[in-house]
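Nothing here was measured: the structure is a model prediction, and the numbers come from that model. One is the number of the first residue; the rest follow in order along the sequence.
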Amino acid sequence: MSTDGAGRPGAARGTVGIKQVAAHAGVSPGTVSNVLNRPERVAEATRIRVEDAIRELGFVRNGSASTLRAGHSSTIGLMVLDLANPFFTDVARGVEDTASERGYAVILSSSGESDERELRNLRVLAEQRVRGVLLTPVGDDGAAAGRLRERNVPVVLLDHPTPRANQCSVAVDDVAGGELAAGELLDAGARTIAFVTGPTALRQCADRRKGALRALRAAGLGREALREIPVGAMNARAGQEAARRLLDAGPPLPDAIFCANDLLALGVLRVLLQAGIRVPADVALIGYDDIEFSAAAAVPLSSVRQPTYQLGRIATELLLEECDDPAGHAHQQVMFQPELVVRESSRSEAGGAS
């Protein structure tokens, strides 16, 4: 009989199968299978003997084979727009904590804000037979979510509302958030606002712009009071690029800048300060998401806070409810309200959330 590296009988560690475990425990392979899948059917003394053999031989269960038999795995997929964005890190914590409580693991991936990459990664998740997918789509949710539903994979849209009654979604009212952000700048005295925004295909950017225009109308100002500065990504480097374009255009500078997320705002802030522009005395600034770094910026950043952890938790609960009872599940469209957090970047006398 062969031995493993520790001199124990059986095949080499990593190659041990059910037959070797059965022989070592003196039971049939069927009994080993029952211990693994239906332990309540096995007498306690026999079960303990099999479990001891499993430990001694270093047996590792073949999860792929179990998945094929069951038709699905004990995993769910989470597809976000950008893993480098702390907003999605906080959302993922809510997803992982909730999934773990229910005995599920999470396969995390990113579309990188690319339609092609999104479809490719979703296809891989489906091939892995995940129970369901939490998806923050790049554009319209129809194509991506539809491909998964065709494979009978439940989908919950995350950070993306849907008008479809047969689809669960969990999102934040970004129109209201955009209105809060622009309204704070207007209340602080601004009459012209630059809006630094990401790719136009992103629903979040479009809704935040819509909210900003609503605030301008309420203040009696026209569309021309909002100067849009589009960038190709939603990160600090793109924010720096936007700020340089704004400065290169020459005076007069706008009274204020609204950035579609905090990473953009932190990039803008860095360039403004390097150029000797005082924030908020010369230009007021506000971001969106209220990520952890915002309060610790060189000038603490005003922002619009989203309930990121709760987004992930509620979306996961809805997904697992649908996985457990597809026929009886009632689809829900959950919409959270954002919160304005006022700090020094938009008004010097600011002291916290409002």
Side-chain angles (χ1 to χ4, degrees), residues 86-87 172-197 204-205 207-229 234 236 239-240 242-247 249 251-308 337-354:
F87 168 83
V172 177
D173 188 342
D174 280 316
V175 176
E179 190 171 9
L180 283 174
E184 158 61 14
L185 298 175
L186 294 168
D187 288 346
R191 286 299 174 264
T192 56
I193 299 174
F195 179 43
V196 179
T197 181
Q204 294 87 339
C205 294
D207 282 357
R208 292 165 197 177
R209 173 183 179 275
K210 190 182 300 182
L213 290 173
R214 182 184 292 177
L216 289 171
R217 287 195 300 270
L221 299 171
R223 185 181 295 264
E224 68 279 359
L226 188 72
R227 176 181 172 185
E228 294 184 47
I229 305 177
M234 299 279 282
Q240 293 178 47
R244 293 189 189 101
R245 282 162 51 192
L246 189 64
L247 295 177
L253 289 173
D255 299 326
I257 302 172
F258 168 29
C259 294
N261 76 1
D262 284 350
L263 293 178
L264 290 170
L266 291 171
V268 167
L269 178 63
R270 180 178 182 183
V271 171
L272 292 180
L273 295 180
Q274 287 175 339
I277 295 170
R278 299 170 299 166
V279 177
D282 298 327
V283 178
L285 177 66
I286 193 167
Y288 205 103
D289 291 340
D290 194 35
I291 61 175
E292 184 177 355
F293 306 124
S294 300
V299 179
L301 184 65
S302 294
S303 189
V304 176
R305 177 179 296 160
Q306 303 195 73
T308 47
Q337 291 302 310
E339 175 189 2
L340 178 65
V341 180
V342 178
R343 300 191 181 97
E344 285 88 335
S345 72
S346 62
R347 53 176 82 196
S348 56
E349 71 275 14
S354 68

Please answer whether the main-chain N or O of [Y] pairs with a side-chain N or O of [X] as donor and acceptor at a distance below 3.5 Å.
{"X": "Asp255", "Y": "Arg191", "result": "yes"}
{"X": "Arg343", "Y": "Leu301", "result": "yes"}
{"X": "Ser345", "Y": "Val299", "result": "no"}
{"X": "Thr192", "Y": "Pro254", "result": "no"}

Full working for side-chain contact (heavy atoms from CB on, under 4.5 Å) between Leu272 and Asp282: CA-CA 10 Å; Leu272 292 180; Asp282 298 327; over 6 Å; no

If you measure from [atom1] on [X] to [atom2] on [Y], what distance do you get to the nearest 0.5 Å?
{"X": "Ser302", "Y": "Leu180", "atom1": "OG", "atom2": "CG", "value": "12.0 Å"}
{"X": "Cys259", "Y": "Leu266", "atom1": "SG", "atom2": "CG", "value": "8.5 Å"}
{"X": "Thr197", "Y": "Glu228", "atom1": "OG1", "atom2": "CD", "value": "7.0 Å"}
{"X": "Phe195", "Y": "Arg209", "atom1": "CZ", "atom2": "CZ", "value": "8.0 Å"}
{"X": "Leu226", "Y": "Leu221", "atom1": "CG", "atom2": "CG", "value": "10.5 Å"}

Flag the pair [X] / [Y] as yes when at least one side-chain heavy-atom distance between them is below 4.5 Å, and no otherwise.
{"X": "Leu185", "Y": "Asp187", "result": "no"}
{"X": "Gln240", "Y": "Val268", "result": "no"}
{"X": "Asp289", "Y": "Thr308", "result": "no"}
{"X": "Tyr288", "Y": "Gln306", "result": "yes"}
{"X": "Val172", "Y": "Pro307", "result": "yes"}
{"X": "Phe293", "Y": "Pro86", "result": "yes"}
{"X": "Val196", "Y": "Leu246", "result": "no"}
{"X": "Arg223", "Y": "Leu216", "result": "no"}

Begin from the C-alpha positions of Val271 and Ile277 and carry the test side-chain contact (heavy atoms from CB on, under 4.5 Å) through to its verdict. CA-CA 9 Å; Val271 171; Ile277 295 170; over 6 Å; no

Considering all heavy atoms, the nearest [X]-[Y] contact:
{"X": "Glu179", "Y": "Ala215", "answer": "O-CB, 3.8 Å"}
{"X": "Leu273", "Y": "Ala298", "answer": "CD1-CB, 3.8 Å"}
{"X": "Ile193", "Y": "Ala182", "answer": "CD1-O, 4.2 Å"}

Asp174 with Arg208: basic N within carboxylate O range, under 4.0 Å: yes

Considering residues at least two apart in sequence or located in another chain, which fulfil the side-chain contact (heavy atoms from CB on, under 4.5 Å) criterion with Gln337? Asp173, Ala176, Met335

Identify, with sequence neighbours excluded, every residue that meets side-chain contact (heavy atoms from CB on, under 4.5 Å) alongside Ala181.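 Counting only residues at least two positions away or on another chain, Ala181 forms a side-chain contact (heavy atoms from CB on, under 4.5 Å) with Phe258, Ile286, Val304.
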
Exactly one candidate in Asn261, Asp262, Asp290 meets side chain to side chain donor-acceptor pair (under 3.5 Å) with Ser303; the answer is Asp262

When you look at Leu285 and Ser346, which way does the side-chain contact (heavy atoms from CB on, under 4.5 Å) test go after all the steps? CA-CA 5 Å; Leu285 177 66; Ser346 62; over 6 Å; no

As a quick check of understanding, evaluate side-chain contact (heavy atoms from CB on, under 4.5 Å) for Met234 and Leu264, giving each step before the final call. CA-CA 6 Å; Met234 299 279 282; Leu264 290 170; 3.9 Å; yes

